[in-house]
K.L.:
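Before anything else, here's the structure in question.
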Amino acid sequence: MMVTTHALAGMLLGSVALFVAPEFAPVAVLAGLAGGAFPDLDLYAGHRKTLHFPVYYSAAALVAVGVAALTPGAWSVGVAVFLLAAALHSASDALGGGLELKPWLGESDRAVYDHFRGRWVAPRRWVRYDGAPEDLALALVLAAPAAALHDGPVQTMVVAAVVVSGVYALVRKRLVYVTEWLVPRLPDPALDYLPDRFVSDFVR
Ligand SMILES: [Zn+2]
């Protein structure tokens with residue numbers, strides 16, 4: 001799934017605070033956005049393994065939700081929602097496509113790494129690849145209530161995430177063809193800055 005889909009899921013998760021503890025809703029929504037996007041910061045270093053922890057984020061989130069319930073405050077709520085959103089992201093990556101340059105081919109058996117069991121979880125492919133039409137549809141479904149529940153800057157961020165998702169979905173496959181053309185033409189030192197799966201398919 002696109003990082004924007006995960007971010008929108010996190011924002012919607014944070015929006016639950018509107019009904020539980022509205023005074024913490026702004027921090028919860030921002031924490032949801034940050035936690036939803038955070039795991040994909042490992043894009044260039046062990047993607048879907050280094051910062052993806054489907055089991056450990058979930059366990060930590062349970063503890064953090066307990067702490068937030070007992071001692072509600074901006075920090076405890078923020079940490080709890082951040083961990084919940086990161087857990088949701090990591091777990092839901094298993095429902096998407098595999099870790100490969102062209103996930104729509106369905107050749108990879110690696111969706112996300114489960115550090116607890118020490119093995120890769122296989123992709124379910126409910127969303128075949130990031131930027132797929134069903135991924136964009138999911139982003140819209142998550143964005144609609146988030147946009148309706150908020151106004152001001154949060155609503156603007158939701159709309160911006162939808163626009164970015166739409167543009168990405170439009171160019172997603174073309175990006176791979178650009179990569180295929182570009183990578184063999186890059187000087188060797190530049191290859192060090194690309195994710196392994198981009199390089200290994202063409203060069204190594
Ligand atoms: Zn991810």
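We number each residue from 1, following the sequence as shown. Counting starts at 1 for both ligands and their atoms, following the listed order. All values derive from a computational prediction rather than experimental measurement.
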K.L.:
Taking side chain to side chain contact (heavy atoms under 4.5 Å, CB included) as the definition, give me every residue that meets it alongside P187, ordered by chain and number, with sequence neighbours left out.
P.N.:
P189, A190
K.L.:
Tell me yes or no: between the side chains of H52 and D93, is some donor less than 3.5 Å from an acceptor?
P.N.:
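There is such a pair (donor and acceptor under 3.5 Å, judged by atom type) between the side chains of H52 and D93.
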K.L.:
In chain order, what residues pass the salt bridge (charged side-chain N to carboxylate O under 4.0 Å, His left out) check against R128, with sequence neighbours excluded?
P.N.:
E134
K.L.:
When you check the space around the Zn ion (ligand 1), which protein N, O or S atoms turn up under 2.8 Å?
P.N.:
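Less than 2.8 Å away from the Zn ion (ligand 1) sit D40 OD1, H52 NE2, H89 NE2, D93 OD2.
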K.L.:
How long is the straight-line distance from NE2 of H89 back to CG of L84, given to the nearest 0.5 Å?
P.N.:
14.5 Å
K.L.:
Got a salt bridge between R172 and D130, using NZ or NE/NH1/NH2 to carboxylate O under 4.0 Å?
P.N.:
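Result for this pair is yes, salt bridge flagged.
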K.L.:
Tell me who clusters with V77, hydrophobic residues only, linked when side chains sit under 4.5 Å apart either directly or through other members.
P.N.:
F24, V27, V81
